[in-house]
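One structure below.
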Number of protein chains: 2
Amino acid sequence: MPAPRRPTLREVSAAAKVSLYTASRALGAHAGVAEETRRTVLKTAEDLGYVPNRLARSLKHADSHTLGVLTANNANLFYASLVKGVEKAVQPQGYDCFVADAFEDGVYDAARETRFVAALLEQRAAGIVLTYVPTAQNMRTLSDWRMPLVFVDCLPPEGFERFPSIATDSRLGSHAVGRHFAAHGYRSWAFVGHTPTWTSRFAREAGLREAAADCGAELAVIEGGNDSRTACAAMRAFLGARSRADWPRAVYASNEPLLNGALRALREQRVRIPEEMAIVGFDDFPWADLLDPPQTVVDQQIDELGRLAGSRMLAALEGVPDEGALRLLAAPVLRIRASCGGPVAGAAVSAG
Amino acid sequence: MPAPRRPTLREVSAAAKVSLYTASRALGAHAGVAEETRRTVLKTAEDLGYVPNRLARSLKHADSHTLGVLTANNANLFYASLVKGVEKAVQPQGYDCFVADAFEDGVYDAARETRFVAALLEQRAAGIVLTYVPTAQNMRTLSDWRMPLVFVDCLPPEGFERFPSIATDSRLGSHAVGRHFAAHGYRSWAFVGHTPTWTSRFAREAGLREAAADCGAELAVIEGGNDSRTACAAMRAFLGARSRADWPRAVYASNEPLLNGALRALREQRVRIPEEMAIVGFDDFPWADLLDPPQTVVDQQIDELGRLAGSRMLAALEGVPDEGALRLLAAPVLRIRASCGGPVAGAAVSAG
DNA sequence: ATGAAAGCGCTAACAC
DNA sequence: GTGTTAGCGCTTTCAT
């Protein structure tokens with residue numbers, strides 16, 4: 001069964017007995033074609049099963065109308081949701097998203113990233129949404145190419161401050177967590193932070209640290225790495241290194257995988273939550289309220305973040321200036337459930 | 001800051017003082033070019049910052065070397081993992097994946113699917129991995145086009161049996177769940193099934209039903225819909241419609257979102273698990289063993305499923321015959337944790 | 001081993 | 001309102 005012939009625009013025009021040009025205009029819904037001619041062309045195209053060749057079109061336009069989204073582990077709900085958000089914003093404008101995940105088996109692969117960057121350039125992507133900071137080399141490549149770039153969930157590196165960024169106001173969210181800890185009377189805290197590769201790490205730590213200073217709480221920092229496994233190991237080591245009496249009264253994990261890992265370590269030690277230790281995580285997720293106790297989290301409404309990034313990209317592509325929106329910060333919401341001791345009378349629920 | 005000039009192959013060849021042909025051969029790592037000439041060309045390309053235009057290349061080849069993956073809700077871990085698996089298999093062979101998610105806000109959108117199918121044809125995708133059965137119209141379009149197709153997690157619809165498929169042996173997995181129920185002495189079961197749109201639904205029900213017949217258990221069926229929300233509502237309605245004494249002793253949810261919903265409904269009723277009711281779900285997930293009690297599941301090792309689909313697609317593209325592997329069934333594994341009462345002495349742990 | 005030239009399918013500037 | 005024509009950047013015969 002051989003591949004059927006794929007009719008070209010030229011063939012459609014011949015069959016419709018009009019010129020190539022007319023056929024093109026008719027199908028492209030451009031003006032300057034008699035209504036009847038257009039009808040004929042459309043009909044003929046339909047009959048012939050004509051499917052325009054986007055490759056030719058893009059080649060001509062020197063632009064594929066494709067946006068790259070560089071992510072760091074799609075098997076992570078965070079990135080999956082983020083991508084959905086971006087798509088939601090850009091698809092109505094006719095852009096497709098090409099998702100390039102620089103992680104393989106949960107670990108970052110710089111060579112992989114470089115391959116994706118090259119692929120995006122070769123495809124003549126219209127722009128790229130970056131969800132983390134690529135290597136200096138790749139940043140240079142992209143910048144030299146004048147590729148429109150939007151950073152989400154991270155800040156552009158030094159020298160690239162001209163690119164817009166969208167992020168959650170992590171400091172605000174973390175500060176709210178700290179206030180919540182304080183309202184419960186907890187005075188000894190621990191922060192389980194993700195790899196500093198993500199700049200969000202700093203803001204999340206800073207917000208908590210400020211709150212600690214405000215109320216005179218102690219704050220220990222645990223390097224949680226990149227995923228559940230490393231976070232669990234780090235937490236285990238931390239707990240193992242001191243007597244139970246010296247364990248923190250409240251713990252804050254800086255993202256979902258880290259919360260997962262931290263909880264694992266706590267369970268190994270049969271820590272009672274929240275009686276013995278309170279715990280809050282950054283990022284909401286579908287199982288959070290089904291845990292026992294239901295997990296209190298900072299919800300950054302990820303898909304909205306993605307949507308903002310997509311919109312910002314569209315604006316950049318149309319040459320809209322930043323208008324002071326170069327650094328967009330979205331306010332997260334503290335979702336108080338029970339893992340931290342529940343609501344406190346008189347305390348604000350929103351992080352704002 | 002104007003866009004910099006993008007050097008073309010022609011310019012590279014001119015700068016290197018060779019012909020277009022030679023430059024093409026040199027960069028394409030083809031034979032028939034003197035080693036020294038090649039070196040010069042490569043150097044020149046590098047210096048000029050030459051980036052090949054894949055659009056032109058693909059146009060020429062009438063194939064974009066892109067594979068489509070049609071999914072049904074990427075915000076769902078299942079599809080995200082599946083895609084990662086497919087990518088893992090095909091990227092080494094130089095194929096890129098274009099992920100088309102026919103779901104928007106968690107609901108299926110046929111028009112959206114049709115747009116994606118069109119986009120894939122326009123892009124001259126090399127093949128498409130289908131994770132669910134598209135509309136009859138779209139199936140026809142794809143088939144008429146002679147698009148190489150591989151079905152994962154579903155079976156080709158009537159008339160399209162010539163296309164290969166990869167799926168988990170749901171019946172096997174479900175049967176193991178039923179045996180596990182039986183081993184615990186549970187005799188009254190309920191199956192919370194996902195929409196019959198997915199053919200896997202039937203196999204999952206059938207396996208359990210067979211096991212029920214084997215041991216004389218009763219089996220109620222609850223239509224759980226497509227997601228956590230609908231499943232929760234369905235479960236709530238089911239429980240509400242009968243006295244607590246008539247509630248099933250063991251429940252089996254046919255996928256992760258449905259398990260989530262079912263658990264929500266059970267929690268509303270303060271059902272004690274597994275003492276009062278045992279529950280098992282299809283699909284493992286990162287929070288399963290952190291639930292209280294840890295959730296027993298059937299693990300279908302999703303990314304492996306994706307990998308198999310990717311490999312099958314590669315084979316199809318190279319014209320490798322099916323060799324009896326037209327219907328590939330991968331064996332799942334029953335991961336016994338505590339939500340079902342834990343292991344039973346003398347019972348097999350694997351589903352195989 | 002290398003070069004010249006045709007053409008993939010489409011768009012758009014330019015005539016008529 | 002419609003036709004002609006020249007490319008977009010690349011691959012690939014066919015000569016040399």
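Order of the sequence lines fixes the chain letters, A, B, ..., with proteins taken first and strands second; residue numbering starts at 1 for each chain. When reading the values below, keep in mind they use all heavy atoms of this one structure, side chains included, and skip hydrogens, waters and symmetry mates.
B:K88 has a carboxylate O that lies under 4.0 Å from a charged side-chain N of A:D105, or vice versa, which qualifies the two as a salt bridge. We find that A:K43 and A:E46 are not joined by a salt bridge, their nearest charged nitrogen and carboxylate oxygen being 4.0 Å or further apart.
Residue contacts for A:A34: at a heavy-atom cut-off of 4.0 Å it reaches the sugar-phosphate backbone alone, with no base atom in range. A:L20 comes within 4.0 angstrom of a base, heavy atoms only. Residue A:S58 is out of contact with every strand shown, counting any heavy-atom pair closer than 4.0 Å.
Each of B:N53 and A:T22 lies near DNA chain D, and the nucleotide nearest A:T22 is the one positioned closer to the 5' end. Map B:R25 and A:E35 each onto its nearest nucleotide of DNA chain D; the residue landing nearer the 5' end is A:E35.
For the OP1/OP2 pair of D:dC10 and a distance below 4.0 Å, the side-chain nitrogens and oxygens of B:Y50 include at least one atom meeting the criterion. Considering only side-chain N and O atoms, B:S24 lies under 4.0 angstrom from the phosphate OP1 or OP2 of D:dT11. A sub-4.0 Å separation between OP1 or OP2 of D:dT4 and a side-chain N or O of A:S19 is absent. Dashed line: the shortest gap from a side-chain N or O of B:T8 to OP1 or OP2 of D:dC8 is not under 4.0 Å. Contact check, B:R10 against D:dG9: no side-chain N or O comes under 4.0 Å of OP1 or OP2. Residue A:T37 places at least one side-chain N or O under 4.0 Å from the OP1 or OP2 atom of D:dT2.
Protein atom CG of B:L59 is 13 Å distant from nucleotide atom C1' of D:dG7, rounded to whole Å. A:H61 places its NE2 atom 9 Å from the C1' atom of C:dA12, with the value rounded to the nearest Å. In this structure, the CG atom of A:L9 is 7 Å from the C1' atom of C:dC10, given to the nearest Å. Rounded to whole Å, the distance from CD on B:E122 to C1' on C:dT11 is 15 Å. Rounded to whole Å, the distance from NE2 on B:H65 to C1' on C:dC8 is 17 Å. When the C1' atom of D:dC10 is taken as reference, atom CZ of B:R6 falls 17 Å away, rounded to whole Å. The separation between A:D63 atom CG and C:dT11 atom P is 13 Å, rounded to whole Å. One can place NZ of B:K60 at 5 Å from C1' of C:dC8, the figure rounded to the nearest angstrom.
Between B:R115 and A:Q91, the side chains place no donor N or O within less than 3.5 Å of an acceptor N or O (distance only, hydrogens not considered). In summary, the side chains of A:E87 and A:Y95 do not present any donor paired with an acceptor at a separation below 3.5 Å, with no hydrogens or angles considered.
Within the cation-pi definition used here (under 6.0 Å to the ring centroid, within 45° of the axis), A:R6 qualifies as a partner of B:W145.
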